[in-house]
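We use all heavy atoms of the structure for the numbers below, so side chains are in, but hydrogens, waters and symmetry mates are not. Remember, it's 1-based here, ligands and their atoms both numbered in the order they're listed.
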Amino acid sequence: MGELEKKATQKSSIENQILVIFGSNGDLAKRKLLPAIFQLYLDNLLPEQFAVIGAGSQEKTEETNRVDVRNSMMEFARIGSTENPDKLNLFLEHVYYQKVNNQIEEDFGLLKNYIDNLSEKLIIKQNIIYYFSIPPFLYEVVAAHLVKFGLNTEENGWKRIIVEKPFGYSLDTAVDLDKKLRAGFNEDQIYRIDHYLGKETVQNIMVTRFSNGFFEPIWNRKYVDRVEITASEKIGVGARGGYYDTSGAIRDMIQNHLLQVLAVVAMEPPSIFDSESIRNESVKVLQSLRPIKPTEIAENVVRGQYIETMVDDVIQKGYRQEKDVKPNSKTETFVALRVFVDNWRWSEIPFYIRTGKCLPERVTEVVIHLKPAPHQLFKQRCVAQSTNMIILRISPDAGVAVDFGMKIPGAGYKVQNVNMAFHYSDLASNKISEAYERLLLDCMIGDSTLYARADAVKASWKFVDPILQAWKNNSEIPLYFYEANTWGPKEANALFNNKELKWRAPFKKFKTE
Ligand code: BG6
């Protein structure tokens, strides 16, 4: 039984409710949110009574909105829109629209009337999720407007807000934003979404670690030599240059997704499996990250930017030539870091993290490199360097592999590296659900385990802030240029303590070297 199906058994615990999507005409809503809700509907996971209210700045009637939502489903829904036209029609009956200009206070008065009328008509209690699928500068504006019209009060039903990343632009702005949201909502009403935590394969890291006896003894500084975390993408920034140029790889991927993955890999087992305990453990990891001093940035962090390159007879634009990117931009499209978790379990064990655009493969994985056997008896007889790795492949071809040396059959003692791999696709009966499906459903149930807590967001900003400051203030710190379809600047290999080491080159098909 898949996770979502298990949740179905909790369906009775999903109260009737309303989902209001601010920014409902935007890309995220069309591509991810609405298709995710439709999928939950197809999977029979939504409560008896529910309504999805699109709140966007465009003038639309209920009917034109339904046509738009239908079109988005045809284009982006995972399955079902063409296979289940009747279901789609029924789903659309739950979809509503109210024009809201987020900057205009009075529009929230209109929204309140709309919600009051709808909840009366449909006889739905005002249990409401407000999804902020809007530019970050509007988060505090919308939150304040909701408060102004009492749309945050819980007398007639619970209220929750889901806030997209980026949560802040720096430590100070994140703290400030939190303060502003907390003026109208308690911490347990704020759901900070990080879609990486919604990935089935990221959750599986916890299961791999905490439900199998044989990983536990070796998951520490005594047996682990180093940990590599890679999230590489094949494409460039494309049409997102405007956003990306104010963000860069650290804010876009490291501060949130990859530090959360690191926390899941490095955390202590929680005493019980509930939201508070799990998040208590993961925040401890983030708080244990060794700060990188301004003078040490260059030796611990390598930044890069892709340049114009011919890839398979097609020109990949350089980052500076992308739409809405400043022609002299120093924004990093690649970053690699050496990070230490200063605690008992991981003392002095380096975690190497890298992410970038225009790299050779789209791959996300964690590699636990184990220390070699204490005495290399077969050293002279190895066909390839004997390595012991545990590979946690997040995507694509999700799975787990263990890599180790075996004797090649025949005379003598020649040793070759082999691997044992489990592929998620082998669990044929289970479809892997999309991160947004899982996360939306969790919020509907009121389970915040897979959402980032304020202290975790703050701790990760505290770690990345000095790096961003140093880059801003010290023009001596190099920005390396790299060609598209390469693994970023070669300087990233210099991060390894041991000069013989280099980053693993992952392949699309899940196999080990
Ligand atoms: C987003 C970033 O949060 O995550 C994108 O803004 C990035 O730049 C994306 O491409 C990667 O997510 P995934 O799930 O495709 O690995």
* Under a 4.0 Å N-O cut-off, is there an ion pair linking Arg438 with Glu200? ->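 The answer is no: the pair does not qualify as a salt bridge.
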* Residues Glu332 and Arg251 bridged, charged N to O under 4.0 Å ->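 A salt bridge is absent here (no side-chain N lies under 4.0 Å from a carboxylate O).
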Ligand 1 N/O to protein N/O, distances under 3.5 Å:
unit_1	atom_1	unit_2	atom_2	d
ligand 1	3 (O)	Lys165	NZ	2.7
ligand 1	3 (O)	His257	NE2	2.7
ligand 1	6 (O)	Lys165	NZ	2.8
ligand 1	6 (O)	Arg240	NH2	2.8
ligand 1	6 (O)	Asp252	OD1	2.6
ligand 1	6 (O)	Asp252	OD2	3.4
ligand 1	8 (O)	Arg240	NH1	2.8
ligand 1	8 (O)	Asp252	OD2	2.5
ligand 1	8 (O)	Lys357	NZ	2.8
ligand 1	10 (O)	Glu233	OE1	2.7
ligand 1	10 (O)	Glu233	OE2	3.0
ligand 1	10 (O)	Lys357	NZ	3.3
ligand 1	12 (O)	His195	NE2	3.1
ligand 1	14 (O)	His195	NE2	2.8
ligand 1	14 (O)	Lys199	NZ	2.6
ligand 1	15 (O)	Arg362	NH2	2.4
ligand 1	16 (O)	Tyr196	OH	2.6

* Can you list every ring-ring contact (aromatic ring centres under 6.0 Å, His included) pair that touches residues 170-210, not counting sequence neighbours? ->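 Sorted pair list: Tyr191-Tyr451, His195-His257, Tyr196-His257.
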* Hey, are Arg279 and Ser448 close enough side-chain-wise for a donor-acceptor pair under 3.5 Å? ->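 Indeed, the side chains of Ser448 and Arg279 share at least one donor-acceptor pair under 3.5 Å.
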* What residues form a ring-ring contact (aromatic ring centres under 6.0 Å, His included) with Tyr130, not counting sequence neighbours? ->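 Residues passing ring-ring contact (aromatic ring centres under 6.0 Å, His included) with Tyr130: none at all.
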* For Asn300, which residues count as a side-chain contact (heavy atoms from CB on, under 4.5 Å) partner, sequence neighbours excluded? ->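 Listed in chain order: Ile292, Glu296, Arg338.
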